[in-house]
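Let me begin by presenting the structure, written as structure tokens, before commenting on it.
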Amino acid sequence: MNHWLVKSEPFKYSWTKFLKDGNAVWDGVRNYQARNNLKAMKTDDLVLFYHSNEGMEVVGVAKVVKEFYQDPTTDNPNWVVVELAPVEALQKPVSLAEIKSHPQLSEIALVRQGRLSVMPLRDFEFDIILTLSRL
DNA sequence: GCCAACGTTGGC
DNA sequence: GCCAACGTTGGC
């Protein structure tokens with residue numbers, strides 16, 4: 001199983017709204033690197049949900065419930081969506097500052113490539129973030 | 001609100 | 001195909 005992290009501005013789509021909706025079509029991705037990551041997601045892969053701009057913290061775990069298909073919000077066949085469903089909220093959100101200060105998390109795209117909105121995580125990176133959320 | 005980082009566009 | 005100009009994202 002692969003692990004991922006997606007960003008959302010809580011202003012536009014928050015974790016709270018996601019919980020209420022029960023699932024989400026992850027549309028609007030217009031960046032090739034992020035698109036490639038969406039295409040690589042498999043059903044039941046786990047995805048961390050990060051609040052960018054406001055909050056700046058990982059707030060929950062989601063899973064892939066439907067693999068990629070053409071983004072219905074555009075006619076351009078370059079762009080795709082996946083569908084995600086909430087798994088659980090983190091006991092305690094893990095802030096960007098905590099992630100940045102953790103030596104074993106210094107390689108992740110959240111730190112190295114700030115603008116990427118869909119990124120892969122290595123298994124141990126995913127595990128560390130979950131561990132931090134339980135401290 | 002500012003600005004750095006980075007992606008995209010378009011003129012040549 | 002290069003590169004300057006411009007737009008967007010997102011941390012601070």
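Reminder, nothing fancy here: chain letters follow the sequence lines and each chain counts from 1.
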[X] [atom1] to [N] [atom2]: how many Å, rounded?
{"X": "Leu116(A)", "N": "dG11(C)", "atom1": "CG", "atom2": "P", "answer": "12 Å"}
{"X": "Asn53(A)", "N": "dG11(C)", "atom1": "CG", "atom2": "P", "answer": "6 Å"}
{"X": "Glu54(A)", "N": "dT9(C)", "atom1": "CD", "atom2": "P", "answer": "16 Å"}
{"X": "Arg30(A)", "N": "dT9(C)", "atom1": "CZ", "atom2": "P", "answer": "11 Å"}
{"X": "Ile99(A)", "N": "dC12(C)", "atom1": "CD1", "atom2": "P", "answer": "12 Å"}
{"X": "Glu9(A)", "N": "dG11(C)", "atom1": "CD", "atom2": "C1'", "answer": "12 Å"}

Listed by chain and number, what are the ring-ring contact (aromatic ring centres under 6.0 Å, His included) partners of Trp4(A), not counting sequence neighbours?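 Testing Trp4(A) for ring-ring contact (aromatic ring centres under 6.0 Å, His included), a comparison that skips the adjacent residues, returns none.
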
Not counting sequence neighbours, which residues clear ring-ring contact (aromatic ring centres under 6.0 Å, His included) with Tyr50(A)? List them please.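 Checked Tyr50(A) against ring-ring contact (aromatic ring centres under 6.0 Å, His included); zero matches.
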
Nearest-nucleotide comparison on DNA chain C, the residue closer to the 5′ end among Lys12(A) and Lys100(A):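 Its nearest nucleotide being more 5', the pick is Lys12(A).
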
Value rounded to 0.5 Å, distance of CG in Asn2(A) from CG in Leu46(A):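 Result: 10.0 Å between the selected atoms.
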
If the cut-off is 4.0 Å, is Lys7(A) near the phosphate of dT9(C), judged by side-chain N/O to OP1 or OP2?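 Checking Lys7(A) against dT9(C): no side-chain N or O falls below 4.0 Å of OP1 or OP2.
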
Has Tyr50(A) got a side-chain N or O lying under 4.0 Å from the OP1 or OP2 atom of dG11(C)?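 Yes, such a contact exists.
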
Have Asp123(A) and His3(A) got a donor and an acceptor in their side chains that come within less than 3.5 Å?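 Result is yes, a qualifying pair exists.
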
Does NZ or CZ of Lys66(A) come closer than 6.0 Å to the centre of the six-membered ring of Tyr69(A), within 45° of the ring's axis?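 Here Lys66(A) passes the 6.0 Å and 45° test against Tyr69(A).
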
Is it true that Lys92(A) and Glu98(A) have a side-chain N and a carboxylate O under 4.0 angstrom from each other?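 Yes, this pair counts.
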
Reading nucleotides 2-8 of chain C from 5' to 3' and marking B where a protein heavy atom lies under 4.0 Å of the base, S where only the sugar-phosphate is that close, and - otherwise, the string is -----BB

